There are 2 protein chains.
Amino acid sequence: MNSARHEGSQIQPVLRRLSAFRHLSECGTAALDKAIRERVLRAGTGQDLICEGDIPDRVRFILSGWLARYKTLEDGRRQIVNFVLPGDACDTMIYLLSEMDHSIGTLTPVVYSELERPQFEQLMASDKTLAEALWCESLAGNAIRREWAVNMGRRVALERVAHLLCEIIERLRPVGLVDGNSCAFPITQMDLADATGLSAVHLNRTLQELRAAGLIVLRERVLTVNDLDALKTAALFNPNYLHYVH
Amino acid sequence: MNSARHEGSQIQPVLRRLSAFRHLSECGTAALDKAIRERVLRAGTGQDLICEGDIPDRVRFILSGWLARYKTLEDGRRQIVNFVLPGDACDTMIYLLSEMDHSIGTLTPVVYSELERPQFEQLMASDKTLAEALWCESLAGNAIRREWAVNMGRRVALERVAHLLCEIIERLRPVGLVDGNSCAFPITQMDLADATGLSAVHLNRTLQELRAAGLIVLRERVLTVNDLDALKTAALFNPNYLHYVH
DNA sequence: CAGATTTGCTGATCTACCTTAGCCGAACCG
DNA sequence: CGGTTCGGCTAAGGTAGATCAGCAAATCTG
């Protein structure tokens with residue numbers, strides 16, 4: 001178990017992410033900080049935080065690590081419907097529903113904070129800027145899902161994968177996880193395939209196509225994009241759906 | 001212009017839809033009824049209520065007719081990311097975002113009610129059951145988008161179309177628009193193709209396959225499904241994501 | 001450390017779905 | 001009234017991406 005001081009340093013991603021939507025008041029920042037430190041937990045790779053059919057009763061904030069929201073068909077086909085990245089709030093308000101319609105599992109080791117419903121509602125009530133930022137975060141998650149529908153329905157494999165990579169970079173950037181042209185990229189090709197609706201084989205070939213075109217360097221779990229504009233053009237990427245204000 | 005008495009009769013779908021999530025108090029019902037009657041509008045087929053890039057500043061309730069949320073790529077490829085059906089609330093809270101990331105257009109003639117942000121916030125504050133029902137409606141919309149990701153990513157054409165038809169039927173039923181085994185089905189095959197990520201040609205063939213299998217009858221804008229369970233089985237359809245409580 | 005598993009990668013084959021092109025009947029329109 | 005558009009439908013041919021099978025390196029595990 002780490003000290004509170006150490007865990008505290010990991011709250012930054014959440015503050016940075018919410019600040020992308022609204023300037024947070026000092027009061028809001030303090031309330032959030034306090035609430036998050038209350039209960040910090042860890043999970044290893046490949047664990048489910050919550051499963052389809054479970055009763056949702058808490059809200060989570062991701063401090064580090066990557067997760068996926070996913071659904072599985074009876075015959076095993078899996079579709080990742082969203083990545084959950086550091087700084088993301090996870091399931092704002094979902095406790096209003098009586099049952100989860102999807103699962104949330106870790107793709108890497110994860111550190112996260114858990115709030116019970118009363119704590120979370122108290123947090124929302126504590127500060128207007130914070131509440132609005134949380135609402136925006138939730139609405140932006142919605143917008144991401146819409147863009148994914150476009151991605152899977154109307155983009156070909158190369159555009160599709162390029163688009164996903166652009167999105168991940170632009171989501172990691174405001175939380176400070178992009179260093180120059182590179183970011184840690186800790187997930188497997190299988191995960192990428194399940195997120196893009198492609199087979200693992202075809203995803204692998206598409207990555208190689210992107211590499212051959214000089215658009216990406218992806219090796220040893222690090223993604224480097226030297227010409228992001230070129231990648232965005234190849235992806236028909238328009239960042240408006242991320243809804244960052246500043 | 002129709003009389004208020006006549007328009008009033010069209011509020012039913014909204015009440016019925018929200019009642020699927022929470023039992024509405026009399027007070028909430030009355031407030032909603034009053035707010036909706038305030039400003040009832042009409043639009044013909046093929047009109048956009050709001051476009052990508054517009055500033056969202058109002059909330060809408062659909063009283064009759066079908067609409068689509070959609071996005072268009074630069075080169076014209078279109079993807080419908082959601083159908084908006086009678087009774088649906090349209091863009092709860094979206095005024096918190098500064099810009100629309102998608103468009104909403106009519107697929108049929110539509111009757112709808114428009115509320116400015118202050119009116120809507122007043123409505124939300126007026127009654128707890130109503131507010132919760134509206135939140136649930138919004139969360140359920142989210143869940144539908146997740147299921148669509150699965151649909152486009154992991155289901156083959158026949159399953160995909162079958163799944164969409166099941167969803168539409170199960171969404172129309174609680175608002176009273178399913179009559180026995182049939183419902184009005186006023187949209188074109190092109191619309192269905194854009195919603196499923198298929199080409200119009202292939203969608204047409206898939207419909208014929210469904211007809212040949214005896215799973216659906218679709219003609220003259222009426223959809224009849226004599227054995228809904230069979231269609232659901234073919235679609236790997238699980239209604240849990242619609243989140244109806246009763 | 002050896003064995004088992006996972007991950008990235010490749011080749012060959014197959015097929016689901018796309019594209020292009022065009023027909024037909026119904027509705028609409030000047 | 002004849003032209004035009006729209007929606008449903010069909011045929012032919014091409015291709016993007018799936019499936020199956022297998023290999024090598026890295027990683028995990030006992």
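All of these numbers come straight from a predicted model, not from anything done at the bench. Chain identifiers are assigned alphabetically (A, B, ...) following the order of the sequence lines, protein sequences preceding nucleic acid strands; residue numbering begins at 1 within each chain.
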- Item | All salt bridge (Lys or Arg N to Asp or Glu O under 4.0 Å) counterparts of A:R173, not counting sequence neighbours |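 A:E170.
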Indicate yes or no: at least one non-hydrogen side-chain atom of [X] is less than 4.5 angstrom from one of [Y].
| X | Y | answer |
| --- | --- | --- |
| A:L192 | A:V161 | no |
| A:R77 | B:L236 | yes |
| A:E137 | A:D88 | yes |
| B:N151 | A:Q79 | no |
| B:L242 | B:I144 | yes |
| A:S199 | A:H202 | yes |
| A:N82 | A:L67 | no |
| A:L63 | A:I36 | yes |

Can you give me every donor-acceptor pair (side chain of residues 211-225 of chain B, partner residue at least two apart or in another chain, under 3.5 Å) with its distance?
{"unit_1": "B:R211", "atom_1": "NH1", "unit_2": "B:L218", "atom_2": "O", "d": "2.7"}
{"unit_1": "B:R221", "atom_1": "NH1", "unit_2": "B:P186", "atom_2": "O", "d": "3.3"}
{"unit_1": "B:T224", "atom_1": "OG1", "unit_2": "B:S182", "atom_2": "OG", "d": "2.8"}

- Task: Grab the CZ-C1' distance between A:F185 and C:dT7 for me, whole Å please.
- Result: 15 Å
- What integer distance in Å separates B:L107:CG from D:dG7:C1'? 15 Å
- Query: Taking the side chain from A:D48 and the backbone from A:I50, do they hold a donor-acceptor pair closer than 3.5 Å?
  - Reply: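 The answer is no, because no donor-acceptor pair under 3.5 Å joins these two groups.
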- Query: Hey, does the side chain of B:D54 reach the backbone of B:C51 with a donor-acceptor pair shorter than 3.5 angstrom?
  - Reply: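 The answer is yes, because a donor-acceptor pair under 3.5 Å joins these two groups.
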- Task: Would you indicate, yes or no, if C:dC9 has its OP1 or OP2 atom less than 4.0 angstrom from a side-chain nitrogen or oxygen of A:N204?
- Result: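 A:N204 to C:dC9 OP1/OP2: side-chain N or O found under 4.0 Å.
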- Item | Contact under 4.0 Å: A:Q208 side-chain N or O vs C:dT10 OP1/OP2 | yes
Give me the distances for all protein-to-nucleotides 3-5 of chain C N/O pairs that come in under 3.5 Å?
none

- Note on the structure: Taken in chain and number order and not counting sequence neighbours, the residues that satisfy side chain to side chain contact (heavy atoms under 4.5 Å, CB included) with B:D194 are A:R154, B:R78, B:I80, B:M190
- Across all chains, not counting sequence neighbours, the ring-ring contact (aromatic ring centres under 6.0 Å, His included) partners of B:H163 are B:F237, B:Y241
- To the nearest 10 degrees, what angle separates the axes at the start and end of the helix from C:dC1-D:dG30 to C:dG30-D:dC1, five pairs each?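 Helix axis angle between the two ends: 50°.
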- Could you point out which residue of A:L164, A:N181, A:L228, A:L177 forms a side chain to side chain contact (heavy atoms under 4.5 Å, CB included) with A:I169? A:L228
- Message: Each nucleotide in nucleotides 12-25 of chain C should get exactly one letter: B, S or -. Can you fill that in based on protein heavy atoms under 4.0 Å?
- Response: B----BSBB-----
- Looking at B:E147 and A:R145, does any basic side-chain N land under 4.0 Å from a carboxylate oxygen?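 Looking at A:R145 together with B:E147, the answer is no, because their closest N to O distance does not fall below 4.0 Å.
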- Item | Under-4.0 Å salt bridge between A:R171 and A:E167 |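 Salt bridge between A:R171 and A:E167, a charged N being under 4.0 Å from a carboxylate O: yes.
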- Message: Using a 4.0 Å cut-off on heavy atoms, which residues in residues 215-226 of chain A reach DNA chain D? List them by number, or say none.
- Response: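 The stretch gives none, as no residue of it lies under 4.0 Å from the strand.
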- Message: Short of 4.0 Å, heavy atom to strand atom, which residues of residues 71-83 of chain A count as contacting DNA chain D?
- Response: none
- Interface residues of residues 186-196 of chain A with DNA chain C (non-hydrogen, below 4.0 angstrom):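 Heavy-atom contacts with DNA chain C come from A:T188, A:Q189.
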Between the protein and nucleotides 24-27 of chain D, list every N/O to N/O distance that falls short of 3.5 Å.
none

Enumerate donor-acceptor pairs with a distance under 3.5 Å from any side-chain N or O in residues 99-112 of chain B to protein atoms, sequence neighbours excluded.
{"unit_1": "B:D101", "atom_1": "OD1", "unit_2": "A:R146", "atom_2": "NE", "d": "3.1"}
{"unit_1": "B:D101", "atom_1": "OD2", "unit_2": "A:R146", "atom_2": "NH2", "d": "3.2"}
{"unit_1": "B:D101", "atom_1": "OD2", "unit_2": "A:H243", "atom_2": "NE2", "d": "2.7"}
{"unit_1": "B:H102", "atom_1": "ND1", "unit_2": "A:R146", "atom_2": "NE", "d": "3.1"}
{"unit_1": "B:H102", "atom_1": "NE2", "unit_2": "B:R69", "atom_2": "NH1", "d": "3.1"}
{"unit_1": "B:S103", "atom_1": "OG", "unit_2": "B:E52", "atom_2": "N", "d": "3.0"}
{"unit_1": "B:T106", "atom_1": "OG1", "unit_2": "B:G44", "atom_2": "O", "d": "2.6"}
{"unit_1": "B:T106", "atom_1": "OG1", "unit_2": "B:G46", "atom_2": "N", "d": "2.9"}
{"unit_1": "B:T106", "atom_1": "OG1", "unit_2": "B:Q47", "atom_2": "N", "d": "2.9"}
{"unit_1": "B:T106", "atom_1": "OG1", "unit_2": "B:Q47", "atom_2": "O", "d": "3.4"}
{"unit_1": "B:T108", "atom_1": "OG1", "unit_2": "B:W66", "atom_2": "N", "d": "2.9"}

- Task: Answer yes if the side chains of A:D191 and A:Y70 hold a donor-acceptor pair under 3.5 Å, and no otherwise.
- Result: no
